[in-house]
Engineer: 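Got a structure here, written out as structure tokens. Questions coming.
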Amino acid sequence: MNPELIHSPEERPPRAGGAAAGTRPKGPTPERLMQLLLREDAAGRRKFRDGHALDVEARVEAGDCVTDLTLLEDDGTALVLGAGENHSRFREGDPAWLGDGARPGAGLPVNVIDYDPVAGLLRVERDVFARNEPFDLEGPCVLDRREISTIDKLARALQRSLSGRAPAGDLPTRLLAGDSLPPIAPGGLAGSRAEARADGLDPSQEIAYAEALAAGPLYLVQGPPGSGKTRLLGSLLRAFAARGERVLVTAFTHLAINNVLRACLAGGDAPCPVFKIGRPAQNPDLQALPITIRPRLRRDAAAEGPLIVGATVYGAIGLWDALPFDRVVIDEAAQVPLPMGMAALGSAPRTTLVGDHQQMGPIVRTDPPDALAGVSIFAHLHAIYGSTLLTRTYRMNAEINDFVSRHFYAGRLASDPSCAGRRLALRPGGRFRDLLDPERPAVVALVDHEGCRQRAPAEAALAAELVIELMAHHRVPAREIAVIAPYRAQVNAIRQALRARVTKRPVKSGGNLEAEPVIDTVERIQGQERDVVIASFTNSDPDYLIRDASFFYSPNRLNVLLSRARVKRIVIASPLAFRAIPRDLETLRHASLFRRLHDESDRMVVPGGDA
């Protein structure tokens with residue numbers, strides 16, 4: 001996939017990563033991947049056991065429990081619960097127990113569907129594969145983590161994939177070893193680019209579209225924040241189907257898969273039979289679309305012709321002996337751990353990966369962490385073969401995009417003209433008019449405090465005051481505001497500060513304080529965007545910053561934090577947050593990125609603060 005064989009220097013697509021032939025790094029052995037898989041599973045089991053030994057308050061503080069839930073609806077399959085406070089780390093699809101909290105390993109077995117922080121609603125569904133008893137718990141209930149190990153299924157699939165016995169043959173083994181792949185032949189690219197142009201794709205999407213259709217066994221697309229990767233994937237799925245391909249769409253979560261399927265059907269009509277492996281309760285956003293939702297799929301469902309099937313990695317593995325596929329598309333591939341990704345590659349002889357290794361990667365459970373555990377399938381293959389970068393963001397205005405582009409995408413990511421000059425619409429006046437000034441889209445607000453670790457009252461107070469002014473004075477809707485912090489304790493402090501001020505403040509006519517914006521951690525906000533994002537860095541304890549450096553100074557987490565806003569981004573921090581000097585070289589390099597954020601930003605000292 002050498003772009004020099006295809007494009008003139010003037011139109012060559014920007015590509016990043018990829019080692020030259022003869023210098024490609026040697027990939028981990030199959031034995032090493034299996035060892036990693038087993039170690040991560042063992043670490044997860046230990047954390048479950050240790051977590052269940054804690055009392056309810058400690059489990060809540062660890063993010064493994066949600067309390068004070070009130071049952072609002074129960075249709076026999078899905079349950080809707082009122083959730084006043086949720087600082088947990090539960091994600092879509094996570095298994096859980098719904099009970100009284102006294103026995104965290106017992107209760108009604110459910111799977112998490114989603115959580116709406118604005119409405120304060122948590123939706124779960126009964127686990128159809130577990131024994132279910134009638135749910136008759138009276139009073140408030142508690143959600144605790146439930147352990148379900150899929151290690152045996154995944155280990156068998158990984159072994160099968162890397163031994164050449166999966167549908168993809170020896171391709172996974174060749175890719176793991178970094179074998180050379182044939183370059184993309186230039187023939188036919190012009191016609192495909194014309195198709196993409198007619199479908200409204202921009203120049204870099206156009207190149208990715210044409211090359212993905214022409215590529216051999218592997219093609220990677222890097223999609224920075226707001227760059228339209230889902231739109232591109234929708235166009236590609238329609239093109240694959242038009243060429244008679246049978247395509248398997250997979251990702252780490254149902255949500256990511258559903259987003260791609262919806263993009264494919266954006267025009268209304270399905271290009272071919274479209275299936276989703278799952279249950280209706282997991283896929284409420286697909287109900288009105290021409291998509292057949294089934295818990296499993298057999299060969300007789302679509303024996304011949306083009307086909308699109310969406311399934312998680314575990315669901316994809318279950319299709320290997322049921323349906324043949326020409327291609328597997330892995331979305332959000334930078335979140336898929338390397339062992340799981342190598343298993344997914346076994347699904348078809350061609351693979352298209354879309355992701356961004358500059359954003360949040362796989363969850364690591366081993367402690368101390370295994371260096372390979374944080375490597376995704378996208379990051380590994382990108383380092384060997386490179387990827388095509390999408391170069392326009394349709395989210396961030398030019399000022400917000402500037403730091404993100406220069407420090408995470410080598411200056412190649414540009415704001416599209418449709419969003420580059422966007423500004424926050426404000427009414428005259430306001431206490432924080434200078435800080436909220438629409439002509440200063442990206443601001444660092446320096447607050448003088450020291451010794452704070454996971455909770456900073458001064459930052460929480462400022463964040464709450466800013467939200468109130470935005471909503472009550474400037475009429476910015478709650479749905480267009482997000483407040484982010486690295487620690488759940490600070491998330492809770494900001495919520496408490498906001499609610500205390502709302503309670504004391506009389507709502508004026510036309511006031512806009514009835515709803516609450518999203519206030520959450522960086523991990524929970526990935527994939528979302530808002531007009532206004534307020535980020536509280538919280539930490540101002542030099543010793544704690546050094547001990548917590550690998551977490552606090554994570555460049556991937558910083559990229560996600562800085563790239564959620566469309567028109568206004570305010571970072572609230574103590575000057576000390578930018579001055580820590582970690583002891584090891586890697587985290588020192590990461591901390592220097594925070595220093596550059598301070599030095600290169602439009603800085604304002606909050607009255608009473610000291611820069």
Side-chain angles (χ1 to χ4, degrees), residues 57-67 83-90 115 117-118 120 360 432 435 443-468 470 478 481-502 516-526 528 530 532-554 556-562 564-565 569-580 591 594 597-598 606 608-609:
E57 288 186 3
R59 297 200 306 273
V60 170
E61 183 64 25
D64 295 327
C65 180
V66 185
T67 58
E85 294 285 350
N86 178 13
H87 312 304
S88 73
R89 294 177 294 177
F90 282 104
Y115 168 62
V118 175
M360 302 291 283
F432 296 100
L435 193 53
V443 176
V444 171
L446 295 172
V447 180
D448 186 25
H449 63 82
E450 184 175 359
C452 295
R453 294 186 173 184
Q454 295 191 17
R455 186 187 293 262
E459 292 189 23
L462 178 57
E465 293 286 355
L466 286 170
V467 168
I468 286 177
L470 283 165
I481 303 172
V483 186
I484 310 173
Y487 307 107
R488 286 186 298 276
Q490 181 68 355
V491 166
N492 189 33
I494 295 169
R495 282 178 176 155
Q496 290 174 348
L498 176 61
R499 291 172 184 176
R501 284 161 173 76
V502 169
E516 186 173 284
V518 168
I519 306 173
D520 222 321
T521 60
V522 179
E523 288 82 356
R524 294 286 293 271
I525 207 73
Q526 174 157 296
Q528 300 185 47
R530 297 291 190 276
V532 182
V533 170
I534 301 167
S536 169
F537 275 13
T538 310
N539 203 326
S540 62
D541 184 317
D543 292 335
Y544 192 79
L545 279 165
I546 291 173
R547 290 199 299 272
D548 202 34
S550 61
F551 170 82
F552 186 85
Y553 291 117
S554 163
N556 298 69
R557 184 176 283 103
L558 179 65
N559 185 21
V560 172
L561 181 150
L562 296 178
R564 300 305 95 193
R569 182 186 72 217
I570 301 174
V571 171
I572 306 172
S574 162
L576 295 174
F578 304 99
R579 297 176 185 169
F594 279 65
L597 175 65
H598 172 277
V606 173

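Quick note: numbers below take in every heavy atom, side chains included, and nothing from hydrogens, waters or symmetry partners.
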Engineer: Look only at the side chain of Gln490 and the backbone of Ala456, and say whether a donor-acceptor pair between them is shorter than 3.5 Å.
Structural biologist: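 Yes, the answer is positive, given that a donor and an acceptor are paired below the 3.5 Å cut-off.
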
Engineer: Start with the C-alpha gap between Tyr115 and Val66, add the side-chain angles, then the distance that decides, and say whether side-chain contact (heavy atoms from CB on, under 4.5 Å) holds.
Structural biologist: CA-CA 11 Å; Tyr115 168 62; Val66 185; over 6 Å; no

Engineer: Against Ile484, only a single residue in Val518, Ile494, Ile525, Val560 fulfils side chain to side chain contact (heavy atoms under 4.5 Å, CB included); can you say which?
Structural biologist: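 Among the candidates, only Ile525 passes.
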
Engineer: Closest heavy-atom contact between Gln454 and Ala489?
Structural biologist: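 Residues Gln454 and Ala489, closest heavy atoms: O-CB, 3.4 Å.
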
Engineer: Using side-chain contact (heavy atoms from CB on, under 4.5 Å), reason through Val571 and Leu562 one step at a time and then give a plain yes or no.
Structural biologist: CA-CA 9 Å; Val571 171; Leu562 296 178; 4.1 Å; yes

Engineer: Looking at every non-hydrogen atom in both residues, tell me the closest pair between Val447 and Ala458 and how far apart they are.
Structural biologist: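 Looking at all heavy atoms of both residues, the closest pair is CG1-CB, 3.8 Å.
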
Engineer: Which pair of heavy atoms, one from Ile519 and one from Val491, lies closest together, and at what distance?
Structural biologist: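 In terms of heavy atoms, the two residues are closest at O-CG1, 3.5 Å.
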
Engineer: Any idea which heavy atoms bring Ala497 and Ala460 closest together, and the distance?
Structural biologist: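 Answer, listing the atom of Ala497 first, then Ala460: CB-O, 3.8 Å.
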
Engineer: What do the steps show when you test Arg488 against Asn492 for side-chain contact (heavy atoms from CB on, under 4.5 Å), and what is the final call?
Structural biologist: CA-CA 6 Å; Arg488 286 186 298 276; Asn492 189 33; over 6 Å; no

Engineer: Once you round to the nearest 0.5 Å, how far does CD1 of Ile570 lie from OG of Ser536?
Structural biologist: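 OG of Ser536 is found 12.0 Å from CD1 of Ile570.
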
Engineer: Should Leu498 and Pro517 count as side-chain neighbours, where that means a heavy-atom distance under 4.5 Å?
Structural biologist: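 Yes. Closest side-chain heavy atoms under 4.5 Å.
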
Engineer: Within the 4.5 Å heavy-atom criterion, are Leu446 and Phe578 side-chain neighbours or not?
Structural biologist: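 Yes. Closest side-chain heavy atoms under 4.5 Å.
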
Engineer: Give the minimum heavy-atom separation between Phe90 and Cys65, together with the two atoms involved.
Structural biologist: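 Residues Phe90 and Cys65, closest heavy atoms: CE1-N, 4.1 Å.
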
Engineer: List the atom of Pro457, the atom of Cys452, and the distance in Å for their closest heavy-atom pair.
Structural biologist: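 Shortest heavy-atom separation between Pro457 and Cys452 comes out as CD-SG, 4.3 Å.
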
Engineer: Would you say Ser574's side chain and Glu450's backbone share a donor-acceptor pair under 3.5 angstrom?
Structural biologist: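 The answer is no, because no donor-acceptor pair under 3.5 Å joins these two groups.
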
Engineer: Run the ring pair (Phe, Tyr, Trp, His ring centres under 6.0 Å) test against Phe594 and tell me which residues pass, sequence neighbours left out.
Structural biologist: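 Expected list: Phe537, Phe552, Tyr553.
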
Engineer: Between CZ of Arg579 and CG of Leu545, what distance do you get to the nearest 0.5 Å?
Structural biologist: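 Nearest 0.5 Å value for the CZ-CG distance: 12.0 Å.
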
Engineer: Calculate, to the nearest 0.5 Å, the distance between atoms CG and CD1 belonging to Leu435 and Ile572 respectively.
Structural biologist: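 Output value for this atom pair is 7.5 Å.
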
Engineer: Please check if the side chain of Arg564 supplies one atom and the backbone of Gln528 the other of a donor-acceptor pair under 3.5 Å.
Structural biologist: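 At least one qualifying donor-acceptor pair exists.
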
Engineer: Supply the atom-to-atom distance Arg453 CZ to Tyr487 OH, rounded to the nearest 0.5 angstrom.
Structural biologist: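 That separation rounds to 10.0 Å.
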
Engineer: Who are the salt bridge (charged side-chain N to carboxylate O under 4.0 Å, His left out) partners of Glu523, not counting sequence neighbours?
Structural biologist: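 Applying salt bridge (charged side-chain N to carboxylate O under 4.0 Å, His left out) to Glu523 gives Arg557.
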
Engineer: First locate atom CD1 of Ile534, then atom CD of Glu465, and finally report the distance between them rounded to the nearest 0.5 Å.
Structural biologist: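 One gets 11.0 Å once the value is rounded to the nearest 0.5 Å.
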
Engineer: Looking at CG of Asp448 and CG of Leu576, how far apart are the two atoms once the value is rounded to the nearest 0.5 Å?
Structural biologist: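 If we round to the nearest 0.5 Å, Asp448:CG and Leu576:CG are 8.0 Å apart.
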
